[in-house]
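Right, one structure below, let's go through it.
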Amino acid sequence: MWNNIYNWLDERVGFNDLYANLLDRPEPKTSWWNTLGSASMFLFVLQGLTGIFLTVYYTPSPDHAYDSVQYIMEGVAFGWLIRGIHHWGATLMVLVVFIHMLRVFFTASFKYPRELTWLIGIGLLLTTLGMGFTGYLLPWNQKAFWATTVGTQIAGTVPFIGEFTLKALRGGPDLSALTLQRFFSAHIWMIPGILAALIGVHLFLIMKHGESHWPKKDD
Amino acid sequence: MSGSHELSRRDFIKVTTGIIGGLIGAVVGLPAVYYLIDPALQAGGKEAWIPIGKFEDMQLDKPYSFSFTRVQVNGWERTASSFGGYAVRKSDKPEELLILNSRCTHLACTVNWNEAANGYLCPCHDAKFSKEGEVLDGPPPRPLDVYDEHRITEDGIIEIFFKEG
């Protein structure tokens with residue numbers, strides 16, 4: 001019976017084709033270094049899930065942000081685990097994405113026909129850093145507050161558009177409730193949305209071109 | 001794919017991936033469920049004797065309104081909840097006081113004594129209760145709840161026994 005259900009669905013959805021194209025593609029002989037892209041995506045999904053769970057208790061307001069994070073850490077069952085994974089996963093994700101970029105660079109995988117994949121990868125690195133920058137403020141503790149003060153102040157040193165950029169980032173001249181709220185919004189909606197879309201294109205291009213083979217001596 | 005007892009390399013990878021993936025999923029997933037439902041598992045039920053008024057101020061057969069607030073810590077915040085009711089005096093004996101909870105038994109809105117209607121009216125779904133709390137009209141499934149334990153202090157103050165839900 002399961003076979004019948006599966007066949008009925010497969011005729012309409014095409015599981016077998018999907019499987020062949022997504023997971024059973026022919027690959028050149030590669031190494032563990034080629035798994036860093038998948039590792040990055042796994043971390044992205046993990047950060048997404050733990051992040052969704054954190055929003056159940058986290059409150060992005062100067063009055064409540066710090067207390068709600070303390071509550072997650074000490075009051076809720078396994079809150080320390082969920083936040084711990086999100087906290088360390090963030091650091092790990094930046095690291096893995098960066099090493100992934102180095103691998104692509106050293107194996108020259110960014111060359112024709114994969115230049116677009118590389119450029120989108122740059123976008124993925126920048127949005128990942130953006131996630132780190134916006135997420136850092138959310139606990140609303142001393143370190144978060146001053147790191148964001150410094151970070152936005154650096155953006156303010158850009159010639160001509162610096163002052164505008166600083167105010168746009170902070171939602172005004174100072175760090176305030178507006179800053180916290182817009183960093184939260186950017187952290188959970190805008191940047192992840194861009195990130196997910198870029199991952200989609202990145203994956204599509206990888207499937208289209210396949211993986212590059214490991215360079216040989218005469219390459 | 002391959003023979004019955006020899007596991008092929010591919011199948012080994014598939015099985016291993018499945019097992020490790022399942023383990024990771026369980027290690028993160030089960031605590032995550034607990035994390036979500038945790039507030040529902042917190043024990044409440046603090047008990048206290050609450051003064052509601054002087055016995056001598058309660059007039060015969062005229063509902064005496066009282067209210068009080070209880071502060072509870074929900075999450076990281078202290079939340080004040082209001083409670084109230086009516087004490088109906090039937091005689092000179094304090095133990096014969098009928099003390100009603102003004103929380104409607106339908107869907108928990110607060111009922112108010114209405115002299116003209118000679119009953120407690122609920123603003124939400126037009127419920128009506130008699131002076132003694134019997135259902136006269138509307139959707140409530142049972143009479144108003146009663147604070148069934150009360151005592152009188154040496155100063156003549158009525159106190160009710162209150163247990164948080």
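Atom set for the values below is all heavy atoms of this structure, side chains included, hydrogens, waters and symmetry mates excluded. First the proteins, then the strands, lettered A, B, ... as listed; each starts at 1.
The ring of A:Phe183 has its center no closer than 6.0 angstrom to the ring center of A:Tyr136.
In this model, B:Cys122 has its SG atom no nearer than 2.5 Å to the SG atom of B:Cys104.
For chain B, no part of A:Asp63 is nearby; none of its heavy atoms comes within less than 4.5 Å. Contacts of A:Leu49 with chain B are absent, with no heavy-atom separation under 4.5 Å from either backbone or side chain. With a 4.5 angstrom heavy-atom cutoff, B:Val73 does not touch chain A via any of its atoms. Only the side chain of A:Tyr71 comes within less than 4.5 Å of a heavy atom of chain B; its backbone N, CA, C and O stay farther away. Of the two parts of B:Leu41, neither the backbone nor the side chain holds a non-hydrogen atom closer than 4.5 Å to a non-hydrogen atom of chain A. At a 4.5 Å heavy-atom cutoff, the contact between A:Leu54 and chain B is made by backbone and side-chain atoms alike.
Salt bridge B:Asp61/B:Arg89: absent, no basic N to carboxylate O contact under 4.0 Å.
With a 6.0 Å cutoff to the six-membered ring centre and a 45° limit on the axis angle, B:Arg70 does not count as a cation-pi contact of B:Phe83.
Considering A:Ile120, A:Leu116, A:Leu124 in turn, A:Ile120 is the only one that fulfils the side-chain contact (heavy atoms from CB on, under 4.5 Å) rule with A:Val201.
Contact count versus chain B (heavy atoms, under 4.5 Å) is highest, among A:Ile82, A:Val56, A:Leu81, for A:Ile82.
With A:Arg25 contributing its side chain and A:Leu22 its backbone, the two residues share a donor-acceptor pair below 3.5 Å.
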